[in-house]
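Input: a single structure, listed below in structure tokens.
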Amino acid sequence: MSPAKTPPEILDVDGHEVRVTSPDRIVFPEPGLTKLDLVRYYLSVAEGALRGAGGRPMVLKRFSKGLDQEPFFQKRVPENHPDFIDTATLRYASGTSAEETVIRDAAGLAWVVNLGCLDLNPHPVRAEDLDHPDELRVDLDPMPGVDWSQIVDVAFIAREVLEDHGLVGWPKTSGSRGLHILVRIRPEWDYADVRLAAETLAREVENRAPGLATARWWKEERGESVFVDFNQNAKDRTVASAYSIRALPDARVSTPLTWDEVRDRRPEEFTVLTVPDRFRSVGDPHAGIDDAAGSLDALLALAKELGPAEKPPRGSDGSGRRASTMPLIEVARTKTKPEALDALETWKQRHPEATSQLHPADVLVDGMRGSSSLWYRVRVNLQHVPDAERPAQEDLIADYDPWAGRSAS
């Protein structure tokens, strides 16, 4: 980002002093939104944003180098945090731990935005009980080629499954292409049980809507369907919470909806410029979410009834790694998404005949979580290309190593 052009702006937020550095820095060039505009946006929807993220430890996803650069993920709270920022120490499966940020008020919202955070990424637990989630998260992630109407159809089937098992779903736009459905649960189950319940929900949605929805974890096996991403409920995973600003050129917002709105509204309607007026006029559609905590007993009973999910075969090379059932080739590994798309275009120019036979969902550009930032993997599924015409695996067009220079410890 460019150097500050004006002095810091000092805000009084409910009696707390919050210092906003570089307040006139343009963060979203297309709508002309500055850093101070983003702080004021969050203050205008603070009640709703805190309903989603308040009181929960969060990962700080910081866009310190600007919207067009990859963010870095900061688990540990900055050492010089103000006294109105709480913390909670999370322990990870790797054996490490981190004292993470917990915001509880509007001043906390302003403070994290000043750090360069656009979206809020809280864990599904409260700071007072880190072992028992109180939220199950249903992430409806459309594959390429899937339109909004299919996402909506799957959302209503997910709602039906939830209701059949005594749970209430609260929909919101993801702020990108998909939908999230949040489900408050009583904090009586550990992460493993919550993930199992989410996977069972996903399998039942697929059973009721074959072809429209899928619970298959491996991307190349999903086809043009909506993936019910149950793994967002694994420990250490976070998703953008309600009223989060997403890093898209139009400053789109992950916005709570009523079920009556889901079919007719579109994600692009909800931006930093439009959501505050909506919040003032209709309030927060998720205002009752904390009063609707339910039980996972019925979904866990269904898990026993369905039996274990099918596991993918293992490779024959002795590595124990999962073997794909699809004819996949890897094209590139890159540091940034533009580099990934450039590498894909290079591959397509090399293989125009195969490219002409690909379906939208055959092109797999995946953001992969590194130690503190994303990197990108590009693969192509040749399932729709006749065997004799399939390009062979070649040297990677780009071969970025996200762990280069890091010690094994």
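In this structure, F279 and Y243 have perpendicular ring planes: the angle between them is above 60°, well past the 30° mark. Note on ring orientation: taking the six-membered ring where Trp is involved, the planes of F230 and F227 are perpendicular (angle over 60°, cut-offs 30° and 60°).
The number of heavy atoms from other shown groups lying within 6.0 Å of CZ (R91) does not exceed 12. When the shell of 6.0 Å around CD of E17 is examined, it contains 12 or fewer heavy atoms from other residues, nucleotides or ligands.
R56 has a carboxylate O that lies under 4.0 Å from a charged side-chain N of D134, or vice versa, which qualifies the two as a salt bridge. One finds no salt bridge joining R216 and D141 here, because no Lys/Arg side-chain nitrogen approaches an Asp/Glu carboxylate oxygen to under 4.0 Å. A salt bridge links R51 with E47: the closest approach of a Lys/Arg side-chain nitrogen to an acidic carboxylate oxygen falls below 4.0 angstrom.
H286 is listed as a side-chain neighbour of L182, based on a closest heavy-atom distance under 4.5 Å.
The side-chain hydrogen bond (donor to acceptor under 3.5 Å, both in side chains) test with R195 is passed by exactly one of D190, N231, T200, N233: N231. Screening E99, H81, R76 against T87 for a side-chain hydrogen bond (donor to acceptor under 3.5 Å, both in side chains) leaves a single residue, E99.
Taking the six-membered ring for Trp, Y400 and Y376 have ring centres at least 6.0 Å apart. Taking the six-membered ring for Trp and the full ring otherwise, W111 and F84 have centroids separated by 6.0 Å or more.
Considering all non-hydrogen atoms of both residues, E268 and T271 come closest at O-CG2, 3.8 Å. When all heavy atoms are compared, the tightest approach of G294 to W189 is O-CZ3, 4.1 Å. The two residues G55 and R104 come nearest to each other via the heavy atoms CA-NH1, 3.6 Å. Between R252 and G175, the closest heavy-atom pair is CD-O, 3.3 Å. Considering every non-hydrogen atom in both L382 and R390, the closest pair reads O-NE, 3.1 Å.
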**Prompt:** Can R379 and E220 be said to form a salt bridge (charged side-chain N to carboxylate O under 4.0 Å, His left out), step by step?
**Reply:** CA-CA 9 Å; R379 296 175 298 160; E220 66 270 19; 3.5 Å; yes
**Message:** H132 vs D129, test: side-chain hydrogen bond (donor to acceptor under 3.5 Å, both in side chains). Steps then yes/no.
**Reply:** CA-CA 6 Å; H132 300 96; D129 185 352; 3.0 Å; yes
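With Q232 contributing its side chain and D229 its backbone, the two residues share no donor-acceptor pair below 3.5 Å.
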